[in-house]
A.B. asks: 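The structure that follows is given in the form of structure tokens.
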Amino acid sequence: MDTDLSSQDRKDLDKFIKFFALKTVQVIVQARLGEKICTRSSSSPTGSDWFNLAIKDIPEVTHEAKKALAGQLPAVGRSMCVEISLKTSEGDSMELEIWCLEMNEKCDKEIKVSYTVYNRLSLLLKSLLAITRVTPAYRLSRKQGHEYVILLIIIFNCIGFQTVRVGTVGTPVGTITLSCAYRINLAFMSTRQFERTPPIMGIIIDHFVDRPYPSSSPMHPCNYRAGEDNGAVYPSVEDSQEVCTTSFSTSPPSQCVFTVTKAHFQTPPPVVTDTLKVPVMGLAFSHQLSSSRLSYQPAALAVGSADVGYPVLFAGGLTAAHPHQLIAPGKEGGVPPLPSQPAHGTQADQERICTPLDGAHYSAVTPSSSEDTETVSNSSEGKCGSPHDLLETVFVRKVGAFVNKPINQVTMANLDIPFAMFAPKNVELEDNDPMVNPPDSPETESPLQGSLHSEGSSGSSTGNTHDDFVMIDFKPAFSKDDILPMDLGTFYREFQNPPQLSSLSIDIGAQSMAEDLDSLPEKLAVHEKNVKEFDAFVETLQ
Amino acid sequence: SARTPGPPARRVAPAAAGAAMNCRAEVLEVSVEARQVEEAALAVLHTVLLHRSTGKFHYKKEGTYSIGTVGTHDVDCDFIDFAYVRVSSEELDRALRKAVGEFKDALRGSGSDGVGQISLEFYQKKKSRWPFSDECIPWELWTIKVNVVNLATEQERQICREKVGEKLCEKIINIVEVMNRHEYLPKMPTQSEVDNVFDTSLKDVQPYLYKISYQITDSLGASVTTTMRRLIKDTLAL
């Protein structure tokens, strides 16, 4: 029980857990960016190195992690996951790993928070550093580039594969465990069936083109590649964050001195052009669609690339105010029973908002968050346009209305309106041919939302379409709220966006054209033979 | 025994006769080609030392101390499909490379059929009164048993690269499991005792006191102890 923990200890512990979670995400993400990491040891403590480890803070990663946490902490029943998947230039994708930070109920009351727990968390981070180099995804991520990219999703409240336990640290309120679930069978399973439109032109997807957009320009690729930039240059930590200056004492606990100072770094200027070269390479927050299978469509943020054409992005704003149920998609398929605790979540609704990774956006969003704990959730308001208590999740299918129009989407996107690219106004840019692009359905909705959305959705199947962002809610009429909403919802969803006619797909089109061309000489020969008959026919017409 | 001045410190529990009992021992075995010996040994040693090194302590008044920051450095192996993380400390890296180099040379040397082991021992010093010399009490011992194989074809070597890489991955996972059991660690020392627990000679990091030694088994199976190397500068006791 918490009553045994002094309030100072409790505060310290919460802070440790929070920064541990953030550092965990940093380590994992940095280990999958494809670059070798090298940080310097420093004999004099700078006060900003949590857990006495030199782990750089990539601001965008911190930002996304904070958004994922939304002011909460990993706690018993609330876990944080980072999912790593691989996506090829042809659009196939495969989950590689899920890193889970969890807490179970086993409490260690005797342990000293500010000392032992802290040091053990530090050890755990070192273990994480070691283990992240040991799974197959590390080598894959080092070689990412033209043929595939590595995508990362930060999920708060999620679900595996083979697991390796990195380690555990007991605290007075629970035991922190860190483990990794990683895929072993690397045999590729094509998810192409869900791709309604293949990449245009079949050229190699280069997600990593460094777009020299000025900061005020529309969104640019989330998945920058480290290699394009000059080394792993990390922008300095501009977010204000609390600094931990820990002093340890060898005296008995009553004399233990623990000082924490807050260092407020200067607020970054609103226009940050140099952070366009974000070293968050390969970092794309992808979306998971359905509740039934995790592999169901992670969509990559292929912004700026004509190729993949998938809109990316998903925002899952799970806030404490409205814990929702989850339709926990097991990776292995099937629908696990709904967890009894409403606070659980699954991937689907934890899609994180993938806001453009340029600094301008972020700095605009995090202006006044001088206090990490309090304003984390605030930062997801405003720009992201997510009202605090709405479950803002934009589910955009990989197919459908917005496919094949990536460039247009890109240009439409706008920093201030992160979801502008999905907004209805894009419709006018699309092909009018309803055959090529299915008619714009009421923004694609996820059946999950039906059960997740705790606002008064009165069973209507249309979501709320705001100017700023696309709908959230999908509650198929007469569908049952809870147990298996996916049935009707999935059905509805799937049939809203039927597969593109094969004759209209470019590939087939190209193929048939090729065939046509091939058969042309034969046809000509035949026609030539029958020339007299044709002539006669023509004369009868005259 | 005389009390050291200053606030009472938590003394290290002396483990005289029970030293062996308290010493945690882990053994890892690898079969590698000759050219992979160094990288494999370094990978294991560096991984262990990553977990057993802290930042430099800076003692302040009132018995408190602050801890420096440990940086990390990714290392890619040339002869093994493997990468690992080590502490960012050139001094420490040099020390380990030196020891591993000697081990490798000894393995290659005569009388060896390619079987040997290199050990990393963490110990604490216990000051004794004159005329007795300080005791070194080990509290953790990591032994890497190395089996050198000779491969004939390039294809075999390529497979060996991958296999050894996978094996090392398992070893790293084993090491991490042991580390995270949070078993015995020496108590944090006072300023006067710090050299009994930590190696304070490096300028950027502070590993626990350690020593590296190795043994080569000759073809007759008898163990030929070569060198006990002390990589720490002790104050010589009488």
Side-chain angles (χ1 to χ4, degrees), chain A residues 27 31 35-55 108 111 115-116 119-120 122-136 138-139 142 164-170 177-178 180 245-252 255-259, chain B residues 6-10 46-47 50-60 62-76 81-85 87-89 92 165-166 168-173 175-177 179-182 185 187-191 193-194 202-206:
Chain A
V27 168
E35 293 281 303
K36 278 169 73 161
I37 303 295
C38 182
T39 57
R40 300 190 52 189
S41 302
S42 155
S43 69
S44 29
T46 59
S48 61
D49 293 321
W50 276 90
F51 308 106
N52 308 116
L53 284 173
I55 298 173
D108 184 344
I111 201 169
Y115 171 70
T116 311
N119 285 337
R120 288 184 180 178
S122 174
L123 192 76
L124 189 51
L125 273 178
K126 290 175 183 170
S127 296
L128 182 65
L129 281 161
I131 295 282
T132 44
R133 274 59 175 176
V134 143
T135 55
Y138 180 70
R139 287 210 281 132
R142 290 286 299 272
V164 58
R165 202 160 209 205
V166 183
T168 62
V169 175
T177 62
L178 190 52
C180 170
T245 310
T246 40
S247 296
F248 295 96
S249 169
T250 49
S251 359
Q255 296 171 26
C256 199
V257 171
F258 178 88
T259 58
Chain B
R10 288 185 288 262
H46 268 304
T47 301
L50 169 69
H51 290 82
R52 293 286 179 248
S53 301
T54 75
K56 300 279 294 174
F57 282 12
H58 296 274
Y59 284 92
K60 304 188 269 224
E62 304 137 22
T64 63
Y65 59 94
S66 59
I67 309 184
T69 300
V70 172
T72 57
H73 191 104
D74 277 331
V75 181
D76 289 335
D81 286 345
F82 185 70
Y84 61 93
V85 179
V87 164
S88 283
S89 166
L92 186 63
E166 287 166 25
L168 284 177
C169 289
E170 288 171 30
K171 302 306 165 198
I172 303 302
I173 294 176
I175 295 171
V176 161
E177 278 168 2
M179 295 296 181
N180 277 273
R181 287 185 213 147
H182 301 303
L185 280 181
K187 303 255 183 344
M188 286 299 148
T190 55
Q191 189 163 16
E193 300 254 307
V194 69
L202 302 173
K203 66 177 197 303
D204 42 14
V205 296
Q206 189 173 289

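Below, all heavy atoms of this structure are taken into account, side chains as well, without hydrogens, waters or symmetry copies. Below, chains carry the letters A, B, ... as their sequence lines are ordered, and counting in each starts from 1.
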A.B. asks: Less than 4.5 Å to any heavy atom of chain A: does that hold for the side chain of B:Thr47, its backbone, both, or neither?
C.D. replies: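 Only the side chain of B:Thr47 comes within 4.5 Å of chain A.
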A.B. asks: Starting at OG1 of A:Thr116, measure out to CG of B:Leu185 and round the result to the nearest 0.5 Å.
C.D. replies: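 Result: 10.0 Å between the selected atoms.
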A.B. asks: Mind ranking A:Ser43, A:Gly167, A:Ala54 by heavy-atom pairs under 4.5 Å with chain B and telling me who comes out on top?
C.D. replies: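 The residue among A:Ser43, A:Gly167, A:Ala54 with the greatest pair count is A:Ser43.
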A.B. asks: Looking at B:Ser88 and A:Thr39, would you say the former's side chain and the latter's main chain have a donor-acceptor pair under 3.5 Å?
C.D. replies: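 Between the backbone of A:Thr39 and the side chain of B:Ser88 there is a qualifying donor-acceptor contact (under 3.5 Å).
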A.B. asks: Of the listed residues (B:Ser89, B:Ala83, B:Gly55), which shares the most heavy-atom pairs with chain A below a 4.5 Å separation?
C.D. replies: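 Of the options given, most contacts go to B:Ala83.
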A.B. asks: Pairing donors with acceptors under 3.5 angstrom, does anything connect the side chains of A:Ser41 and B:Asp204?
C.D. replies: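 No donor-acceptor contact under 3.5 Å links the two side chains.
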A.B. asks: Just how far is it from atom OH of B:Tyr84 to atom OH of A:Tyr138, taken to the nearest 0.5 Å?
C.D. replies: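 If we round to the nearest 0.5 Å, B:Tyr84:OH and A:Tyr138:OH are 11.5 Å apart.
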A.B. asks: Does the pair B:Ile173 and A:Val134 meet the rule for a side chain to side chain contact (heavy atoms under 4.5 Å, CB included), with working shown?
C.D. replies: CA-CA 8 Å; B:Ile173 294 176; A:Val134 143; 3.9 Å; yes
A.B. asks: Nearest 0.5 Å please: distance from the CG atom of B:Asp74 over to the OG1 atom of A:Thr132.
C.D. replies: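 B:Asp74 atom CG to A:Thr132 atom OG1 measures 7.5 Å (nearest 0.5 Å).
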A.B. asks: By a 4.5 Å heavy-atom criterion (distance strictly below it), what part of A:Arg40 contacts chain B: side chain, backbone, both, or neither?
C.D. replies: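 Backbone only.
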A.B. asks: For the interface with chain A, which of B:His46, B:Arg52, B:Lys56 has the highest count of heavy-atom pairs at distances below 4.5 Å?
C.D. replies: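 Looking at each option in turn, the highest pair count goes to B:Lys56.
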A.B. asks: Would you mind checking which part of B:Val205 comes under 4.5 Å of any heavy atom in chain A, side chain (CB onward), backbone (N, CA, C, O), both or neither?
C.D. replies: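 The answer is the side chain of B:Val205.
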A.B. asks: Is the shortest heavy-atom distance from the side chain of B:His182 to the side chain of A:Leu123 under 4.5 Å?
C.D. replies: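 They are in side-chain contact.
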A.B. asks: Taking all heavy atoms of B:Val176 and all of A:Ala130, pick out the closest pair and write down the distance.
C.D. replies: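 Between these two residues, the closest heavy atoms are CG2-CB, 4.3 Å.
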A.B. asks: Return the set of residues passing side chain to side chain donor-acceptor pair (under 3.5 Å) with A:Ser127 (not counting sequence neighbours), or none when no residue passes.
C.D. replies: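 Side chain to side chain donor-acceptor pair (under 3.5 Å) check on A:Ser127 returns B:His51, B:Asn180.
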A.B. asks: In terms of heavy-atom pairs under 4.5 Å with chain A, which of B:Val85, B:Thr54, B:Val75 leads?
C.D. replies: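 Of the options given, most contacts go to B:Val85.
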A.B. asks: Looking at CZ of B:Arg181 and OG1 of A:Thr168, how far apart are the two atoms once the value is rounded to the nearest 0.5 Å?
C.D. replies: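 Result: 11.0 Å between the selected atoms.
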A.B. asks: Quick one: pull up CG in A:Asn52 and OG in B:Ser66 and give me the separation to the nearest 0.5 Å.
C.D. replies: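 Taking CG in A:Asn52 and OG in B:Ser66, the distance rounds to 9.0 Å.
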A.B. asks: Distance-only, no hydrogens or angles: does the A:Lys126 side chain make a donor-acceptor pair with backbone N or O of B:Val87 under 3.5 Å?
C.D. replies: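 Pair absent, no side-chain N/O of A:Lys126 close to backbone of B:Val87.
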A.B. asks: Before you tell me yes or no, could you show the steps for A:Arg133 and B:Ile172 under side chain to side chain contact (heavy atoms under 4.5 Å, CB included), namely the whole-Å CA-CA distance, both residues' side-chain angles and the distance that decides it to 0.1 Å?
C.D. replies: CA-CA 9 Å; A:Arg133 274 59 175 176; B:Ile172 303 302; over 6 Å; no
A.B. asks: For A:Arg139, give me all partners under side-chain contact (heavy atoms from CB on, under 4.5 Å), at least two apart in sequence or on another chain.
C.D. replies: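 Here the qualifying residues are A:Lys143, B:Asp81.
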A.B. asks: What is the distance from atom CD1 of B:Ile67 to atom CG of A:Asp49, rounded to the nearest 0.5 Å?
C.D. replies: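 That separation rounds to 12.0 Å.
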